[in-house]
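All residue numbers refer to positions in the sequence shown, counting from 1. Note that these values count all heavy atoms, side chains included, but never hydrogens, waters or copies made by symmetry.
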Amino acid sequence: RQMCIRDRGGTNAHAILQEVEPVSSVASDAQSYLIVISAKSDTALKKQLRNHFDFWSTNTSDDIADIAYTLAVGREHMKYRFAVIVNNRE
């Protein structure tokens, strides 16, 4: 489905919206996953790493593939970065 929005209130603004087809989840049969974490400073990166370590230590229900995808695609890439390839939660 598509929809066009047009503003006639004095501003030339147009928007075309289209429904997105659902995307299947990232393939869960992959053996390795790239985990990418970034921050604006070295201190912030260290804090992010600690937060992720705590999260991974306590959360066993979330799918690694989904987390890796969100960290790689759904987050802004900043100057200070850390990346690691993981095979499992251990």
Side-chain angles (χ1 to χ4, degrees):
R1 293 183 283 180
Q2 291 182 333
M3 180 170 103
C4 179
I5 300 172
R6 193 169 173 183
D7 181 19
R8 293 185 182 257
T11 305
N12 289 330
H14 298 74
I16 298 174
L17 306 176
Q18 181 174 352
E19 183 178 23
V20 178
E21 296 294 322
V23 187
S24 63
S25 181
V26 177
S28 295
D29 58 351
Q31 296 293 321
S32 300
Y33 304 94
L34 178 64
I35 302 298
V36 181
I37 301 168
S38 66
K40 293 182 179 181
S41 70
D42 185 51
T43 303
L45 179 61
K46 289 176 183 174
K47 184 176 179 181
Q48 283 289 332
L49 291 172
R50 172 53 60 190
N51 290 343
H52 280 277
F53 178 79
D54 293 343
F55 172 81
W56 288 88
S57 297
T58 59
N59 185 326
T60 58
S61 62
D62 291 327
D63 186 25
I64 296 173
D66 290 338
I67 295 169
Y69 178 83
T70 300
L71 289 172
V73 177
R75 307 276 186 216
E76 180 181 351
H77 299 284
M78 298 178 202
K79 183 177 179 179
Y80 294 85
R81 300 177 185 180
F82 173 84
V84 63
I85 297 174
V86 298
N87 296 322
N88 56 46
R89 291 182 178 273
E90 297 174 10

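Around atom CD1 of Ile85, no more than 12 heavy atoms belonging to other residues, nucleotides or ligands sit under 6.0 Å away. Atom CZ of Arg81 has more than 12 neighbouring heavy atoms from other residues, nucleotides or ligands inside a 6.0 Å radius.
Atom CH2 of Trp56 and atom CD1 of Ile64 lie 5.0 Å apart (nearest 0.5 Å). Note: Thr58 OG1 to Phe55 CZ = 7.0 Å, rounded to the nearest 0.5 Å.
Under a hydrophobic-cluster definition in which Ile, Leu, Val, Met, Phe, Trp and Tyr are linked whenever side-chain heavy atoms come within less than 4.5 Å, directly or via other members, Leu49 and Val86 are assigned to the same cluster. Neither Val36 nor Met78 shares a network with the other; the hydrophobic side chains, linked directly or stepwise wherever heavy atoms of I, L, V, M, F, W or Y lie under 4.5 Å apart, form separate groups for each. Follow the hydrophobic side-chain contacts under 4.5 Å out from Leu34 and you never reach Tyr69; the two are in separate clusters.
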Given the rule in the side chain to side chain contact (heavy atoms under 4.5 Å, CB included) test, do Ile35 and His52 qualify, once you have shown the distances and angles that lead to the verdict?
-> CA-CA 10 Å; Ile35 302 298; His52 280 277; 5.8 Å; no
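Between Thr43 and Tyr80 there is no side-chain heavy-atom pair separated by less than 4.5 Å.
Contact detail for Ser38 and Glu76: the closest heavy-atom pair is OG-O, 3.2 Å. Between Gln31 and Asn87, the shortest heavy-atom distance links the atoms O-OD1, 3.3 Å.
The only member of Thr70, Asp63, Leu71 that meets side chain to side chain contact (heavy atoms under 4.5 Å, CB included) when paired with Ile67 is Leu71.
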